[in-house]
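Notes follow once the structure below has been shown.
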Amino acid sequence: MSIRSRLLIVIATTLLASQAFAAERLTLRIGDQKGNMRAQLEAADGLRDLPYDIRWAEFPAAAPLAEALNAGAIDAGIIGDAPLLFVLASGAPVKAIAVDKSDPYGTALLVRPDAALHSAADLKGKRIATGRGSIGHHLALKALAQAGLSEKDVDFRFLGPVDAKIALANGSVDAWSTWEPYTALAELSGQGRVLVNGRGLSSGNSFLAATDKALDDPARRAALQDYLARLSNAQVWAYQHLDGYSKTLAAIIGFPEDAARLQFERRQLHWHAIDAKTISEQQDTADFYHTHGLMNQRLDVAPTFATGFTVPATSALAQH
């Protein structure tokens, strides 16, 4: 065999091996809400040298993201504590693998700045826009209960964030129970005033949740662990570089930079591994929904958490 023939064989073999490697490269399908995870990772250069690919899916709220998880259209996504419960109560094959804890101030009931409403008690007989089963829905119910009212004392209008914002502006509803970054945008644009904030009412927990199918695949599970570690590092970096991060986030979500910065800065987010306190908080939320008739049966949340995932200690995170 000639040298030229041998060289051609080597080249062909190398090309075939490369093609086979490319075909085997794993793709994680990640659901994001208003660009938060993606913005942190991109701003912190946290996607460098990924041993897998990421296919991003952007959602305006938790409900459509939950549907995508349930349908297996994505492998994992970030979702608030309340909407995650409805996904789980429906029997969806999904588990939470880590929790992003925050100051829940921005999960809030908003009213127009000139509204003659000054407390949750003033909402009796009023129309409240929010997403069904959302963290906004949960916050509204908790605020009403604290004021001695129930869902029967108000008129809930279940709308997505865009429609709810318009409804509040044109007076079709009296209040909007929402979350960040919509709260910060409404405040800074002069279109909304916080009537009730989430402190003491909401846990402030959001979860990275993954499908059982993804968790049962060793390669995909390993990729999710790597993704979680990168995400935790990126979040710490974002708080250390608020100016740069705010610009990246604003560009991704299409919000003004001041609103992007305010909502992120005051949330004081930090990723944690699942622990007993988190499970207890989630059980409290589930029991609240069951008591208020939004869940037909009591949900034991313990089996809805995946074990074995770790989050880097803050002191060990890379400094950029």
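- With contacts defined as side-chain heavy-atom distances shorter than 4.5 Å, the pair N197/T107 does not qualify.
- With rounding to the nearest 0.5 Å, the separation of OG in S206 from CH2 in W271 is 7.5 Å.
- Side-chain contact between I97 and I274 is absent, with no heavy atoms from C-beta onward closer than 4.5 Å.
- Relative orientation of the F288 and H138 rings is perpendicular, given thresholds of 30° and 60° on the angle between their planes.
- Counting non-hydrogen atoms of other residues, nucleotides and ligands closer than 6.0 Å to CG of N296 gives a total of 12 or fewer.
- In this structure, CG in L195 is found 14.5 Å from CH2 in W176, a value given to the nearest 0.5 Å.
- When atom types are taken as modelled, the side chain of T130 and the backbone of S177 share a donor-acceptor pair closer than 3.5 angstrom.
- Using a 4.0 Å cut-off between a side-chain N of Lys or Arg and a carboxylate O of Asp or Glu, D217 and K213 do not qualify as a salt bridge.
- Only one option out of R157, K124, R127 pairs with D174 in a salt bridge (Lys or Arg N to Asp or Glu O under 4.0 Å); it is R127.
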Practice item. Give the C-alpha distance, both sets of side-chain angles, the deciding distance and a yes or no for side chain to side chain contact (heavy atoms under 4.5 Å, CB included) between Q282 and I279. Key: CA-CA 5 Å; Q282 188 72 339; I279 295 174; 5.7 Å; no
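- The heavy-atom pair separating D75 from R220 by the smallest distance is OD2-NH1, 3.1 Å.
- Taken to the nearest 0.5 Å, the CG atom of D212 stands 3.5 Å off from the NZ atom of K95.
- Formation of a donor-acceptor pair under 3.5 Å by the D122 side chain with backbone atoms of S119 is found in this model.
- Residue-environment remark: CD (Q268) exceeds the threshold of 12 foreign heavy atoms within 6.0 Å.
- For Y289 and F86, the ring centers are positioned less than 6.0 Å apart.
- Within the 4.5 Å cutoff, side-chain heavy atoms of L208 are placed close to those of Y227.
- For the atom pair CG of D226 and CG of L28, the computed distance is 9.0 Å after rounding to the nearest 0.5 Å.
- Taking the charged nitrogens against the carboxylate oxygens, K126 and D155 have no contact shorter than 4.0 Å, which rules out a salt bridge.
- Residues V99 and A273 share a closest heavy-atom pair of CG1-O, 4.1 Å.
- Side chain of R112 to backbone of A169: no donor-acceptor contact under 3.5 angstrom is found.
- The pair D103-R266 does not meet the salt-bridge criterion, since no charged nitrogen lies less than 4.0 angstrom from a carboxylate oxygen.
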Exercise for review: Go through the steps to decide whether R261 and E257 satisfy the test salt bridge (Lys or Arg N to Asp or Glu O under 4.0 Å), and finish with yes or no.
Suggested key: CA-CA 6 Å; R261 177 176 180 133; E257 189 177 324; over 6 Å; no
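- Ring centers of Y239 and H270: at least 6.0 Å apart, outside the cut-off.
- Between I135 and P83 there is a side-chain heavy-atom pair separated by less than 4.5 Å.
- Across every non-hydrogen atom of D287 and R298, the tightest pair is OD1-NE, 3.1 Å.
- Within the model, atoms CG of L215 and OG1 of T307 stand 9.5 Å from one another, a figure rounded to the nearest 0.5 Å.
- At distances below 3.5 Å, at least one donor-acceptor pair connects side-chain atoms of S134 with backbone N or O atoms of G131.
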Point to revise | Audit row: D153, L144, side chain to side chain contact (heavy atoms under 4.5 Å, CB included) steps and yes/no | key: CA-CA 9 Å; D153 293 308; L144 291 171; 5.9 Å; no
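- For the pair R193 (side chain) and A115 (backbone), a donor-acceptor distance under 3.5 Å is present.
- The closest donor-acceptor contact from the side chain of Q40 to the backbone of A44 lies at 3.5 Å or more, if one exists at all.
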Review point. Could you walk me through whether D216 and R221 pass the side chain to side chain contact (heavy atoms under 4.5 Å, CB included) check?
Key: CA-CA 7 Å; D216 290 341; R221 186 184 181 99; over 6 Å; no
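- Linking Ile, Leu, Val, Met, Phe, Trp and Tyr residues whenever their side-chain heavy atoms come within less than 4.5 Å places L294 and I79 in a single cluster.
- A distance-only check finds a donor-acceptor pair linking the side chain of S246 to the backbone of L242 [under 3.5 Å].
- Under the 4.5 Å side-chain heavy-atom criterion for ILVMFWY residues, no single connected hydrophobic cluster contains both I253 and L262.
- The line from CG of L47 to CG of L41 is 5.0 Å long, rounded to the nearest 0.5 Å.
- L50 places a side-chain heavy atom less than 4.5 Å from the side chain of R230.
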Review point. So L139 and W179, side chain to side chain contact (heavy atoms under 4.5 Å, CB included) or not? Walk me through it.
Key: CA-CA 10 Å; L139 182 278; W179 51 88; over 6 Å; no
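- In this structure, Q263 and P181 approach most closely via the heavy-atom pair CG-CB, 3.5 Å.
- Using a 4.5 Å cut-off on side-chain heavy atoms (C-beta onward), V194 and T183 make contact.
- With hydrogens and angles disregarded, no donor-acceptor distance shorter than 3.5 Å links the side chain of S232 to the backbone of L228.
- Placement of F158 and V154 within a single hydrophobic cluster is found when ILVMFWY residues are connected by side-chain heavy-atom separations under 4.5 Å, directly or transitively.
- Between I166 and V162, some side-chain heavy-atom pair lies under the 4.5 Å cut-off.
- A210 approaches L224 most closely through the heavy-atom pair CB-CD1, 3.8 Å.
- Using a cutoff of 4.0 Å between basic side-chain nitrogens and carboxylate oxygens, K101 and E281 are scored as salt-bridged.
- When hydrophobic clusters are built by joining Ile, Leu, Val, Met, Phe, Trp and Tyr residues whose side-chain heavy atoms come closer than 4.5 Å, directly or via intermediates, Y182 is not grouped with L159.
- Ring pair H137/F156 is perpendicular by interplanar angle, where above 60° counts as perpendicular and below 30° as parallel.
- Listed here is the closest heavy atom pair of A96 and F207: CB-CD2, 3.8 Å.
- Panel note: side chain Q283, backbone V301; a donor-acceptor pair is recorded below 3.5 Å.
- At a threshold of 4.5 Å between side-chain heavy atoms, the hydrophobic network of Ile, Leu, Val, Met, Phe, Trp and Tyr places L188 and L249 in two separate groups.
- The side-chain heavy atoms of L69 and P93, taken from C-beta on, include no pair separated by under 4.5 Å.
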